[in-house]
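Input: one structure, supplied below.
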Number of protein chains: 2
Amino acid sequence: MRNEKIDSTVPRPKNGEKLPRGHVQEHALRYMRRGLMVGAFLPGQVMSLRKLAAGLGTSPMPVREVLSRLVAANALEETKGGSVRVPRLGPEKLNDLFAVRETLEGMAAEMAAKKSTPALVAELAAVNKQLLTAIGKRDILNCLSLNQRFHFTLYEASGSEVLMPLIESLWLQFGPTMYISLLIPSMPWNASDHEEILTGLKENNAAMVKKWCVHDIRTTCKALLSVAGSQGIELPFARALEWQFDTDN
Amino acid sequence: MRNEKIDSTVPRPKNGEKLPRGHVQEHALRYMRRGLMVGAFLPGQVMSLRKLAAGLGTSPMPVREVLSRLVAANALEETKGGSVRVPRLGPEKLNDLFAVRETLEGMAAEMAAKKSTPALVAELAAVNKQLLTAIGKRDILNCLSLNQRFHFTLYEASGSEVLMPLIESLWLQFGPTMYISLLIPSMPWNASDHEEILTGLKENNAAMVKKWCVHDIRTTCKALLSVAGSQGIELPFARALEWQFDTDN
DNA sequence: TGGTTGCAAATGTGATCTCATATTGTGATC
DNA sequence: GATCACAATATGAGATCACATTTGCAACCA
């Protein structure tokens, strides 16, 4: 993953080429989701419709639709004035969120384990190897990205079209808070749970996979809570942050 | 609940009165959600942006935003042409959906039981009494509505702001299919599980509440599967149905 | 100096318009 | 009579506009 400056402008058709229907919206949605997941938008930050549209080089129209979807997915919340902002998660809601994560992702992990294939194990092992490398290099952004890829690859293997959107909604909710909070202390990254998950998959031990997946989630929750203030994550230098990220997913 | 013909027109301010911000959208959203829950929209039916807007007496704009949200909540799916339609649920997805229901709603029921109050039990008992009356009168529409109120009242008591939206998303997904399928046979309505839930609440037995809540869901799933074809619910007379419903929720 | 009021910029909402595309209906052809 | 092509219509996406409300800021008063 290259952390090069994003070209937020919507890719236009080169010269008289076809442009797919709903192309702008799709791009805007990816941009927003990626931004939320990678910490480009801070908890509490209000998103201006017009500014976002200007940043993307489009009219406010597609952005409105995208923001609506994100509000519906609880990734954003609307203020009394109709604006939307990134939710600030207090400890109690963080606990709620991660309790549901344990339930839902534990279920997905168990389902995935029951239909595991050598190909899946190989892919997960490869991702985890990259993750270990990123950890070794203290490359936090890649740690987060690869950790997400590991989990989602596993959950996708469950084959449930119902579970995935729900899990994605949860990740979008805690994403901004997590990605910001992990910048404060030097997070002691640890992929040992992932190794246990891989072992469980190889042994076709669904219960073991579920157990360590839940353990991984619980560990993450504790880490987040240890740095989360009562009013959610607060960063004195938050405003100074301006993440640059790319949109390839 | 009165099943009078809905006045789909957006309520306008009487005479120079204040009109709340986002009033039209809110009305449209309620209209759509209600319609999905009460079987006004059939699985497979495509929703035309302009027709819906015309029916509501507004411009397509608010409707677009509402449809976006419903798509994000997986209550609607978009066709290749960009239109949206009510999803048709096959048996496998129905199973998926109800497996997640068991997990999520079982969790909510358990949480609710742990913080149950006499007031909650009284309210649930009252709703269930109405439900029994509706069953006795073979008032299917009220059965569905009251059954929903029973479950949601229970889940709300869990106090989880994370769980509720997810559960609502699930209900919106199977709502149309369920409300249509229950019109085919004379469904043997049975609220005995609800009685067990009430007993469990009174005895502060969270495990019992969860157990019977899951049992209730599983029973519903079996009933749905028994009438669902391989391509989702099919009704020869589907097109002839035109439900009239009111929007008070 | 602290709180309040008033004005101006910014913002979201809803409507209207254009355009490219998808859908549908009709007619010609095999 | 069925199929395919083409035209007419319908539809969604995106842009632009108008307006009421909210927000932010600054001047002003206590």
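Every chain is numbered from 1 and lettered A, B, ... according to where its sequence line falls, protein lines coming before strand lines.
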- request: Would you state whether a donor and an acceptor, one from the side chain of B:Arg64 and one from the base of D:dG14, lie under 3.5 Å apart?
  value: yes
Protein-nucleic acid N or O pairs under 3.5 Å, nucleotides 5-7 of chain C:
none

message: Name the residue from A:Glu77, A:Glu78, A:Gln45 that meets the side chain to side chain donor-acceptor pair (under 3.5 Å) definition with A:Arg85.
response: A:Glu77
message: Distance check needed: D:dG14 P versus A:Glu26 CD, whole Å only.
response: 10 Å
field: Atom-pair distance (CD on A:Gln25; C1' on D:dG14), nearest Å
entry: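 Answer to the nearest Å: 9 Å.
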- prompt: Are B:Ser83 and D:dG12 close enough that a side-chain N or O sits under 4.0 Å from OP1 or OP2?
  reply: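 For B:Ser83, the contact criterion (side-chain N or O under 4.0 Å from OP1 or OP2 of D:dG12) is met.
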statement: Whole-Å distance, B:Leu52 CG to D:dT11 P, equals 11 Å
message: Donor-acceptor pair, distance only, cut-off 3.5 Å: does the side chain of A:Tyr179 make one with the backbone of A:Leu144?
response: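 Judged by distance alone, yes, a pair lies under 3.5 Å.
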query: Expressed in angstrom and rounded to an integer, what is the separation of B:His27 atom NE2 from C:dT13 atom C1'?
result: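 In whole Å, C:dT13 C1' and B:His27 NE2 are 16 Å from each other.
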task: Just say parallel, tilted or perpendicular for the rings of B:Trp171 and B:Phe152, cut-offs at 30° and 60°.
output: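 Geometry flag for B:Phe152 against B:Trp171: perpendicular rings.
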- request: Write down the distance between CZ (B:Arg85) and C1' (C:dT23), rounded to a whole number of angstrom.
  value: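 After rounding, the reported distance stands at 14 Å.
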message: Rounded to whole Å, how long is the line connecting atom CE of B:Met61 with atom C1' of D:dT16?
response: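 Atom CE in B:Met61 sits about 10 Å away from atom C1' in D:dT16.
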field: Residue whose nearest DNA chain D nucleotide is more 5′ - B:Gly81 or A:Pro62
entry: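 Its nearest nucleotide lies further toward 5', so the answer is B:Gly81.
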query: Taking CZ from A:Arg50 and C1' from C:dG14, how many angstroms apart are they, rounded to a whole number?
result: 12 Å
field: Atom of B:Ala75, atom of B:Pro87 and distance for their closest heavy-atom approach
entry: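 Where B:Ala75 meets B:Pro87 most closely, the heavy atoms are O-CD, 3.2 Å.
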- prompt: Could you give the CD-to-C1' distance, from B:Glu65 to D:dG14, as a whole number of Å?
  reply: 14 Å
message: Applying the Watson-Crick and G-U wobble criteria at under 3.5 Å, what pairs with C:dT11? Answer none if nothing qualifies.
response: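 Matched C:dT11 with D:dA20 under the 3.5 Å cut-off.
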message: When you measure from the side-chain N and O atoms of B:Ser59 to the phosphate of C:dG14, is any distance below 4.0 Å, counting only OP1 and OP2?
response: no
query: Do the non-hydrogen side-chain atoms of B:Met47 and B:Val63 ever get within less than 4.5 Å of each other?
result: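 The answer is no, as the side chains (C-beta and beyond) never meet within the 4.5 Å cut-off.
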Short side-chain N/O contact to C:dT11 OP1/OP2 from A:Lys51, under 4.0 Å: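 Checking A:Lys51 against C:dT11: at least one side-chain N or O falls below 4.0 Å of OP1 or OP2.
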message: Is there a side-chain contact between A:Met178 and A:Gln148 in this structure, where contact means two heavy atoms from C-beta onward sitting under 4.5 Å apart?
response: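 Of all side-chain heavy-atom pairs linking A:Gln148 with A:Met178, none is under 4.5 Å.
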Electrostatic pair B:Arg30:B:Glu26 at N-O distance under 4.0 angstrom: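 So B:Arg30 pairs with B:Glu26 through a salt bridge.
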